[in-house]
There are 2 protein chains.
Amino acid sequence: MQGSMEPTEPTSEPSPGLVSAAIQAITQHIRAEGLAPGDPLPSEAAMTRQLNVSRTVVREAFRSLSAMRLIDMSAGRRATVAKLDTGAMSMVIEHGITTQQISVQQVYDVRRTIEMRTVALAALRRTDAEAAAIASSARLMRENFTNPEAVMEHDIAFHEAIAAASHNPVFSLIVTAFSGVTRRTWVIGWRTRSSDEAQLKMIKGHEDIADAILKGDPRLAAEHMAEHFDKSVKALIDAGIA
Amino acid sequence: MQGSMEPTEPTSEPSPGLVSAAIQAITQHIRAEGLAPGDPLPSEAAMTRQLNVSRTVVREAFRSLSAMRLIDMSAGRRATVAKLDTGAMSMVIEHGITTQQISVQQVYDVRRTIEMRTVALAALRRTDAEAAAIASSARLMRENFTNPEAVMEHDIAFHEAIAAASHNPVFSLIVTAFSGVTRRTWVIGWRTRSSDEAQLKMIKGHEDIADAILKGDPRLAAEHMAEHFDKSVKALIDAGIA
DNA sequence: TCCTTAAAATCTGTATGACAGGTTGTTGTC
DNA sequence: GACAACAACCTGTCATACAGATTTTAAGGA
């Protein structure tokens, strides 16, 4: 049963490659069956029979979806539908940066645009627990301020917590996808704030944002966020980031 | 040379699975060599030797990156670094929608946030050709207004053209990633505009945006865009979209 | 010498078979 | 009825084979 000898559909085959077809078949199966995260998918063997292709093809399809984090795979178990994850988006952004198709500044412009909105939404919709988590990240930035690495991680957590408090997972998805870029450039911005004073002022900015969210004042929160981004971008430009 | 018999690195193996390791090796190769779009990657055979794993593993890694559109593959040719493409992002968004982890309204909120910015940037940065392309899409909407399918495609092209005119590929990436969702819900909004008058008014809104961009007035352009989105969201809510 | 063309080497696409190891369902015993 | 051993199923990885596409090399002629 060599693949090219028995074209299952001699008429219309728009996408080139059996793997692409298999990927589509799997995603369509999810849609057609109305599967939810955690629900199991057909086994590779079943898919092999259904599509009448080799296991190689089916496996490459499953693996591709797994790489995009649309499904979860593990040995012995069937693949399951995955919860929303930022994996694929992160990789696309990283790819764009490393191949110099997008610049760090362009990412920051998008981040600013989005986070001006998430911070306003967070001020309006945050639960008490979310407000506490945001404030906590800001506090941890101050407490660890002699350890840049730690400050950075709490900074990233701070922005992700705000996105989560916006109660729109698409915002969370995008903000989180940018975290990788932030990890790669954050230190540069930090170094331009040479004095302790400048560094503490930057941390103060985060506390102001957290306070505004706690108070439920979207306009004030957005103002502080704008200021924060303007200074961050300025720091990057001063450091000569293209 | 059975895989599990000769652990190449008996000490630290953080990521579970050889395929993940291979994916990382490839992306790191791109970074380390400073490859640009179009540049060729090592052959599968070369990668197989370098990583000391089977071709199966290497192939699944390549295929995964291809599915995310980070690399281009075709028979006989070596894989090459891909230009920035929205493929993976679209699939993530689609997945979120079909598994009901995100709602259409949430996508529209993100679109509104982003396109309020792209339209302003487009007004400031558009070339004459870009302004013409945007206006052309609006005109084609009017000319084909008895054919909903055609109107939709020109509508989508309109928004993507604005994103392109923002001269920030990250915006283009995100806006384009949402086009799939738009294709799946657009008709619903169109139907709520039952009269020709209502439909033509909606098209007029697009022309107003195009004019503002042509005039180079970011504030006016953003105002028209806001109005457009508010009406679109209202139309979806009227139609009972969750 | 240079151009053309045919053969060889290389590469990807797909299929098949094999086996290790994990997971789940079944059965049989106590 | 509880528990343990076993069988069935499933994924992870490897090896091999071959078709078809592409690139490289070599040969031959102008």
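In what follows, chains carry the letters A, B, and so on, assigned in the order in which the sequence lines appear, proteins first and then strands, with residues in each chain numbered from 1.
- Residues in residues 177-190 of chain A take part in these salt bridge (Lys or Arg N to Asp or Glu O under 4.0 Å) pairs, two or more places apart or across chains: E94(A)-R184(A), E153(A)-R183(A).
- Contact between the side-chain N/O atoms of S54(B) and the OP1/OP2 oxygens of dC14(D) is found at a separation under 4.0 Å.
- Looking at M89(B) and I93(A), their side chains come closer than 4.5 Å, going by heavy atoms from C-beta outward.
- For residues 163-189 of chain B, the set of pairs meeting the ring-ring contact (aromatic ring centres under 6.0 Å, His included) definition, not counting sequence neighbours, comprises W186(B)-W190(B).
- If you measure from atom CG of L51(A) to atom C1' of dT14(C), you get 14 Å, rounded to the nearest angstrom.
- For the residue pair E160(A) / S172(A), no side-chain donor-acceptor distance below 3.5 Å is found, with atom types taken as modelled.
- For the segment residues 58-84 of chain A, residues with any heavy atom less than 4.0 angstrom from an atom of DNA chain D are, sorted by number, R59(A), R63(A), M73(A), S74(A), A75(A), G76(A), R77(A), R78(A).
- Contacts of residues 28-46 of chain A with DNA chain D (heavy atom under 4.0 Å): S43(A), E44(A).
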Side-chain donor-acceptor pairs under 3.5 Å in residues 26-42 of chain B, sequence neighbours left out?
unit_1 : atom_1 : unit_2 : atom_2 : d
T27(B) : OG1    : I23(B) : O      : 3.2
T27(B) : OG1    : Q24(B) : O      : 2.9
D39(B) : OD2    : A36(B) : N      : 2.8

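- As rounded to whole Å, 17 Å separates atom C1' of dT10(C) from atom CE of M47(B).
- Qualifying salt bridge (charged side-chain N to carboxylate O under 4.0 Å, His left out) partners for R139(A), counting only residues two or more places apart in sequence or in other chains: E143(A).
- The separation between I23(A) atom CD1 and dT14(C) atom C1' is 15 Å, rounded to whole Å.
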Next item on the list: Mind running side-chain contact (heavy atoms from CB on, under 4.5 Å) on L173(A) and V92(B) for me, showing each step along the way?
Entry: CA-CA 10 Å; L173(A) 214 55; V92(B) 172; 3.8 Å; yes
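- The CZ atom of R55(B) sits 11 Å away from the C1' atom of dT16(D) (whole-angstrom rounding).
- Using a 3.5 Å distance cut-off with no hydrogens or angles, the side chains of T99(A) and Q101(A) do pair a donor with an acceptor.
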